[in-house]
Amino acid sequence: MRLSRYFLPVLKETPSEAQIVSHRYMLRAGMIKQQAAGIYSWLPLGFRVLARIEEIVHQEQVRAGHIPMLMPTIQPADLWQESGRYDAYGPEMLRIRDRHDRDMLYGPTNEEMITDIFRAHVESYKQLPMTLYHIQWKFRDEVRPRFGVMRGREFLMKDGYNFDVDKDAALHAYNRHMVSYLRTYERMGLKAIPMRADSGPIGGDDTHEFLVLASTGESEVFYDSAVTDLTLGNRAVDYADRAAVKAVCDEFTAPYARTDETHDEALFNALPEARRKVGRGIEVGQIFYFGTKYSEPMGAVVVNDQGQRVPVHMGSHGIGVSRLLGAIIEASHDDKGIIWPEGVTPFHCGIVNLKQGDGAADAACEGLYQALTAKGLAPLYDDRDERAGAKFATMDLIGLPWRITVGPRGLKNGVVELTSRRTGESEEMSPEAAVAKVAEIYTPHMAAN
Ligand code: 5CA
């Protein structure tokens, strides 16, 4: 992409309505525009990051054996009357009436609809296990939408639903989700800690939230510092192997880690004092096992291997896709702007031309642009007729992890400069070497697909 032809409406002023850094930077970097309280347009730069996050979520769900689909945003109220949640959900649900006076709603979640789909088409335990998921917009009429995409009213969620013949199989689905979520967040450069939580309106007793530690987080969290040392890394986990999947979950849930809803003072105080940590966290996902809460009232039954008709055991599993942008920025920024982790960056590399219109500089930038693109990378070339300082400030604000700076002076010696946004360190090298190095940096991220 050439910046002169892109739509990147960066703001010079810090918007006064934004209280936390991620919200400020998303507005300043021209990623989002508020259209109403808690409702945003995704401008091109924000949309690119959102798409990258969605892609990682899809890849890790499919890897775990889960099946993508798409349900509508608008749902009929009668499904919710069947489950008994239509009244229970309260004012957070946006209720709509159509021209035929039918009660509709903008879905805050999809347990009822997916159960309806399942009961219409699945009859035998032989079709199980089955996990269906989608990435779709949700609406929750939050009392206090705030912090930009962090607590929106309209927000993008990945929600998945498992259907299993018994509790053991459903708990395996729960564990599979936990492992797939750990992988998902790590690929986004995040450390998200599974914490025992409260199930709220979704229901059930088994539930974990995934929290990214951040001082601006909305949840108070209590944890053993040992949990922050755990990483999944590149280990291969066979999702069909119940014991192997459970072993990973046991490892990650062994250290004490709870939100204030389930915090247990006595257990916490039993930890050595130096390991007791109290902090704040951003909830980027939650998984639930709720057994037959929806399948029983809604008649989602299968015939089991004994020939008996039994309600299926279910769970639901959510990732806050749009909230993740805010969480990633909270976890990765400095006073100049965002620092995108390589896994989610909107463009892989910036190209800054220090002297637009200089024949040699223009040609070198074009060459870099073509070579990076040929490697499957997406460069953002700042080809505007602007001062160098302004170009650097824009690149720092939008947070591309790598920048190649090209100027007539360096080119006389055959070199350009490759700079890391994270460390600020620069290295001079030939344009070919810079392309090779950037391509090498992204190899593991491309291979993770
Ligand atoms: N049906 C279940 C699982 S699919 C469910 O709705 N779970 S949830 O309520 O925990 O939401 C899943 C994730 O969506 C949360 O962990 C959070 O990351 C995100 N989320 C929830 N509410 C909002 C909101 N108002 N704005 C942005 N993200 C949100």
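Since this is a predicted model, take the numbers as computed values, not measurements. Numbering of ligands and ligand atoms starts at 1, following listing order.
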Enquirer: Who's the nearest protein heavy-atom neighbour of atom 10 (O) of ligand 1, and how far?
Expert: Q286 OE1, 3.1 Å
Enquirer: Are any of the N/O atoms on T109, whether in the backbone or the side chain, positioned under 3.5 angstrom from an N/O atom of ligand 1?
Expert: yes
Enquirer: Just need the protein heavy atom nearest to atom 9 (O) of ligand 1, so name the residue and atom and give the distance.
Expert: R140 NH1, 2.9 Å
Enquirer: Below 4.0 Å from any atom of ligand 1, is there a heavy atom belonging to V149?
Expert: yes
Enquirer: Got an N/O contact under 3.5 Å between E111 and ligand 1?
Expert: yes
Enquirer: Taking everything shown except E17 itself, do over 12 heavy atoms lie less than 6.0 Å from its CD?
Expert: yes
Enquirer: Y86 ring centre to R95 NZ or CZ under 6.0 Å, with the angle to the axis within 45°?
Expert: yes
Enquirer: Closer than 4.0 angstrom, basic N to acidic O: yes or no for R119 and E82?
Expert: yes
Enquirer: Could a heavy atom of M150 be found less than 4.0 Å from some atom of ligand 1?
Expert: yes
Enquirer: Is F210 near ligand 1, meaning one of its heavy atoms is under 4.0 Å from it?
Expert: no
Enquirer: I need the atoms of ligand 1 closer than 4.0 Å to a non-hydrogen atom of M157, numbered in the order shown.
Expert: 6 (O), 11 (O), 12 (C), 14 (O)
Enquirer: What are the two closest non-hydrogen atoms of L380 and M395, and how far apart are they?
Expert: O-CE, 3.6 Å
Enquirer: Students should be able to answer this: which protein heavy-atom is nearest to atom 18 (O) of ligand 1, and at what distance?
Expert: E283 O, 3.0 Å
Enquirer: Charged N to carboxylate O below 4.0 Å: is that the case for D159 and K138?
Expert: yes
Enquirer: Quick one: is the NZ or CZ of R48 closer than 6.0 Å to the six-membered ring centre of F347, and within 45° of its axis?
Expert: yes
